[in-house]
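Here is the structure we will look at, set down as structure tokens.
These values consider heavy atoms only, across backbone and side chains, with no hydrogens, waters or symmetry-generated copies.
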Amino acid sequence: MAVERAAAVAVPEAASALGPAVPRSRGTALAPVALVVAGGLSLQFGSAVAVLLMPRAGALGVVTLRLAVAALVMLVVCRPKLRGYRRADWGTVLAFGLAMGGMNTLFYQAADRIPLGAAVTLEVLGPLALSVFASRRLSNLVWAGLALGGVVLLSGGGFDRLDPVGAAYALGAGAMWATYIAFSARTGRRFPQADGLALALVVAALLSLPLGVMESGSKLLVPSTLALGAAVALLSSVLPYTLELMALRRLPAPTFAILMSLEPAIAATAGFLILGQALTTTDALAIALVIGASMGAVRSQARRAGPRERA
């Protein structure tokens, strides 16, 4: 199914660890981009459903439901083997799971306090900054800069209007996202298929379980709450991770990182449609900048695919 959703962002050569396929035409160059966008839509609309679930289960309870259901699904589908790995392999998957659990916990604490679009805007600063450091092409730096400008504009030029605690949680989630990207790439190299992801999800679920139980207790066992939690897990974890694994096998890491800048735009749209969090004119302009940067990254990827096709 999926190595994690940002497996190749931190280290460009990690893309080769996820699979040997290379796009050979403009059509095949754009196909993985469509998978990334579809994964982003699933993730952010799943996050909007999670916000609706928070009054019932609490932010920590939602994290527990999401990670526990996702872990169960991945264990059933992947049936990961437990033998034949070294201590360093287990250390990597443990760090991956801790980063995953920390990222989810911090993000949902942020989403409980500030609008979804703003939370994702702050969170995505982590991968965007990482993409700048990881990129070795000037064009990727230009598109990353434009995307960052859109992200800053989406924040309204500053985050002083937001709950400072919520903003801090979102920034912390961004830092954890950057950490989890690096360990995702390492896990993808050490474990076959999605075995590492399944095992890391178990670590993350076990980490979040006592926190969710302390906050919500028996509320987590209400059938309607369990059903919504399962929907969040499928929309926000299983489906996007699957789609993005398919994309990561064929998409250069810096381009994937820049495409992550679409997340605030998608989140703002999901917040408006599902949660009634209205978009301003400035938000719309910011979204246009972010989409423009992503389109530039896509065109650069397609142009690089052309010479490989002719070679």
Side-chain angles (χ1 to χ4, degrees), residues 4-5 39-76 97-123 162-163 165-174 176-177 180 197-198 200-242 263 266-277:
E4 217 13 285
R5 65 187 309 265
L41 287 169
S42 179
L43 173 67
Q44 299 307 334
F45 276 85
S47 295
V49 174
V51 173
L52 292 176
L53 182 58
M54 284 179 187
R56 299 188 186 188
L60 296 175
V62 170
V63 173
T64 296
L65 289 173
R66 171 183 170 176
L67 293 175
V69 173
L72 288 174
V73 171
M74 294 298 291
L75 285 175
V76 170
L98 290 173
M100 188 189 307
M103 180 187 67
N104 279 278
T105 299
L106 291 170
F107 175 76
Y108 281 115
Q109 289 289 342
D112 195 32
R113 292 168 170 81
I114 60 178
L116 184 62
V120 178
T121 296
L122 282 168
E123 186 193 29
L162 301 175
D163 181 332
V165 176
Y169 275 128
L171 289 171
M176 292 302 297
W177 191 357
Y180 133 116
L197 170 61
L201 276 168
V202 172
V203 173
L206 291 175
L207 176 69
S208 68
L209 182 61
L211 300 176
V213 170
M214 284 190 295
E215 181 178 75
S216 303
S218 61
K219 294 179 181 178
L220 299 177
L221 300 179
V222 175
S224 59
T225 300
L226 281 172
L228 283 174
V232 170
L234 294 174
L235 286 171
S236 296
S237 296
V238 178
L239 183 58
Y241 297 165
T242 301
E263 300 283 354
I266 298 171
T269 303
F272 173 71
L273 294 176
I274 297 180
L275 304 175
Q277 298 171 347

Leu65 and Val232: CA distance, side-chain angles, deciding distance, side-chain contact (heavy atoms from CB on, under 4.5 Å) verdict
CA-CA 8 Å; Leu65 289 173; Val232 170; over 6 Å; no
Using modelled atom types only, decide if a donor and an acceptor are shared between the side chain of Ser42 and the backbone of Leu235 within a distance under 3.5 Å.
yes
Quick check: closest heavy atoms across Pro210 and Leu207, and the distance to 0.1 Å?
CD-O, 3.6 Å
Is the closest side-chain heavy-atom distance between Leu234 and Leu239 below 4.5 Å?
no
Phe45 CZ to Ile266 CD1 distance, which is reported to the nearest 0.5 Å:
8.5 Å
Quick check: does any side chain N or O of Asn104 sit under 3.5 Å from a backbone N or O of Met100, one acting as donor and the other as acceptor?
yes
Measuring from Ile274:CD1 to Gln44:CD, what's the distance to the nearest 0.5 Å?
10.5 Å
Which residues pass the side-chain hydrogen bond (donor to acceptor under 3.5 Å, both in side chains) test with Glu215, not counting sequence neighbours?
none
Side-chain donor/acceptor pairs under 3.5 Å, residues 48-60, sequence neighbours excluded:
residue, atom, partner, partner atom, Å
Arg56, NH1, Ser224, OG, 3.0

Closest heavy-atom pair, Ala204 versus Leu67, reported as atoms and distance to 0.1 Å, is O-CD1, 3.7 Å
Could you check whether any side-chain heavy atom of Val120 comes within less than 4.5 Å of a side-chain heavy atom of Phe107, counting everything from C-beta outward?
yes
Please name the pair of heavy atoms, one in Val238 and one in Val73, separated by the smallest distance, quoted to 0.1 Å.
CG2-CG1, 4.0 Å
Between CG of Leu106 and CD of Gln109, what distance do you get to the nearest 0.5 Å?
7.5 Å
In this structure, OG1 of Thr64 is separated from CG of Leu206 (nearest 0.5 Å) by 10.5 Å
Ignoring hydrogens, what is the shortest heavy-atom contact between Val69 and Ala230? Give both atom names and the distance.
CG1-CA, 4.0 Å
Separation between CD1 (Ile114) and CG (Asp163), nearest 0.5 Å, reads 7.5 Å
Looking at every heavy atom in both Ala119 and Ala110, which two are closest together, and how far apart are they?
CB-CB, 4.4 Å
Any donor-acceptor N/O pair, Arg66 side chain to Ser236 backbone, under 3.5 Å
yes
For residues 166-173, run the donor-acceptor check on the side chains, cut-off 3.5 Å, and write out each pair with its distance to 0.1 Å, sequence neighbours left out.
none

In sequence, state the C-alpha distance, the side-chain angles, and the governing distance for Leu116 and Ser47, and then conclude on side-chain contact (heavy atoms from CB on, under 4.5 Å).
CA-CA 8 Å; Leu116 184 62; Ser47 295; 4.1 Å; yes
